[in-house]
Amino acid sequence: QEERVKRECNVIINQVPEKLSRESDMQFLTNECHIKKEDIITCFRAGRNTNSEAVTSTPRPLVVKLKSKETAQHWCDYGKGRKIICSDEAGETKERIFWINQDLNRADREAQFFLREERRKRIAEKARTLQNS
């Protein structure tokens, strides 16, 4: 329960390129995600950066601590996740997609995963029955 309370103002953004500076992450949040700077308390990368060459590998998740639970819920669309589409640094048409999600503890993540799997099974079963009729 304590863990949930600590995380309720946090959001997680995956696949944000790492540039090895907190300032570049803050710039991404304000310029690309359009999160107001005054709503952000801090941001950091989850996990350890094993070496400086890790910039080219899969980027670590960006954890953003926001000022209020309501702000975090707004950016997660109240638990559904929010899709952010950005153009690359050169301003070219290639789009990058990022999802802003709630910062959940392990038990809550596993429960959400189970619910998604059940929903997918129900949808697939419904599609099969419609296809057979």
Side-chain angles (χ1 to χ4, degrees):
Q1 190 66 22
E2 266 183 56
E3 190 72 21
R4 283 187 183 119
V5 172
K6 281 180 12 183
R7 294 174 182 237
E8 65 187 9
C9 294
N10 295 356
V11 295
I12 302 273
I13 308 176
N14 290 308
Q15 301 302 317
V16 177
E18 282 192 66
K19 298 199 173 105
L20 298 177
S21 78
R22 189 173 163 272
E23 289 76 28
S24 64
D25 289 338
M26 287 294 282
Q27 243 179 352
F28 170 81
L29 294 170
T30 55
N31 297 342
E32 302 289 339
C33 296
H34 306 289
I35 298 175
K36 295 176 189 166
K37 196 169 189 170
E38 56 270 10
D39 286 341
I40 302 169
I41 294 174
T42 187
C43 70
F44 59 92
R45 295 287 178 157
R48 281 187 289 208
N49 193 358
T50 53
N51 59 27
S52 60
E53 303 302 317
V55 175
T56 58
S57 66
T58 304
R60 295 175 292 157
L62 181 61
V63 180
V64 184
K65 185 167 186 69
L66 299 169
K67 288 210 178 203
S68 70
K69 179 181 176 180
E70 291 76 23
T71 305
Q73 287 176 335
H74 166 76
W75 284 104
C76 292
D77 283 342
Y78 295 90
K80 295 178 187 170
R82 178 172 286 204
K83 185 178 188 178
I84 302 287
I85 301 174
C86 305
S87 57
D88 64 4
E89 287 85 13
E92 296 186 18
T93 56
K94 181 182 175 190
E95 293 179 334
R96 298 178 300 167
I97 298 174
F98 308 98
W99 286 91
I100 300 178
N101 294 301
Q102 293 174 298
D103 183 12
L104 301 173
N105 63 28
R106 185 179 191 137
D108 290 341
R109 274 195 311 271
E110 289 172 356
Q112 289 290 334
F113 177 77
F114 178 74
L115 290 172
R116 281 194 310 274
E117 288 297 306
E118 289 298 313
R119 187 171 53 242
R120 287 181 187 135
K121 287 177 187 175
R122 283 194 313 270
I123 291 170
E125 183 62 33
K126 188 176 181 180
R128 270 194 299 271
T129 57
L130 290 174
Q131 201 173 40
N132 293 336
S133 37

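Positions are given from 1 along the sequence.
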Is the CD atom of Glu2 crowded by more than 12 outside heavy atoms at less than 6.0 Å? no
Go through Arg4 and Glu8 one step at a time and tell me if the salt bridge (Lys or Arg N to Asp or Glu O under 4.0 Å) criterion holds. CA-CA 6 Å; Arg4 283 187 183 119; Glu8 65 187 9; over 6 Å; no
Nearest-0.5 Å distance, CE of residue Met26 to OG1 of residue Thr42: 7.0 Å
Less than 4.0 angstrom from a charged side-chain N to a carboxylate O is my criterion; do Lys6 and Asp103 meet it? no
Taking every heavy atom of Val16 against every heavy atom of Phe28, the minimum-distance pair comes out as CG2-CE2, 3.6 Å
Could you go step by step and tell me if Ile35 and Leu66 meet the side-chain contact (heavy atoms from CB on, under 4.5 Å) rule? CA-CA 10 Å; Ile35 298 175; Leu66 299 169; 4.1 Å; yes
Take Leu29 and Cys43 through the test side-chain contact (heavy atoms from CB on, under 4.5 Å) and record every step on the way to the result. CA-CA 9 Å; Leu29 294 170; Cys43 70; 3.9 Å; yes
Distance from Gln112 atom CD to Asn101 atom CG, nearest 0.5 Å? 9.5 Å
Show, in sequence, the C-alpha distance, side-chain angles and deciding distance for Lys126 and Arg122, and conclude whether the side-chain contact (heavy atoms from CB on, under 4.5 Å) test is met. CA-CA 6 Å; Lys126 188 176 181 180; Arg122 283 194 313 270; over 6 Å; no
Reported OG1-to-NE2 distance for the pair Thr71 and His74, which is rounded to 0.5 angstrom: 8.0 Å
Taking all heavy atoms of Ser68 and all of Cys9, pick out the closest pair and write down the distance. C-SG, 3.6 Å
Whether the side chain of Gln102 engages the backbone of Asn10 through a donor-acceptor N/O pair (distance < 3.5 Å, no angle test) should be reported. no
Can you get from Ile40 to Val63 by hopping between Ile, Leu, Val, Met, Phe, Trp and Tyr side chains that sit under 4.5 Å apart? no
Hey, what do you get for CD (Glu38) to OG1 (Thr30), rounding to the nearest 0.5 Å? 10.5 Å
Test item: Ile13 and Cys33 side chains (from C-beta on) under 4.5 Å apart, heavy atoms: yes
Derivation and outcome, side-chain contact (heavy atoms from CB on, under 4.5 Å), residues Thr129 and Asn132: CA-CA 5 Å; Thr129 57; Asn132 293 336; 5.8 Å; no
Residues, nucleotides or ligands: over 12 heavy atoms within 6.0 Å of Arg106 CZ: no
What I want to find out is whether Glu125 reaches Lys121 closely enough, with some N-O distance under 4.0 Å, to be called a salt bridge. no
Pairwise distance CG(Leu104) to CD(Glu110) - rounded to 0.5 angstrom: 11.0 Å
Atom CZ of Arg45 and atom CG of Leu62: how far apart are they, to the nearest 0.5 Å? 5.0 Å
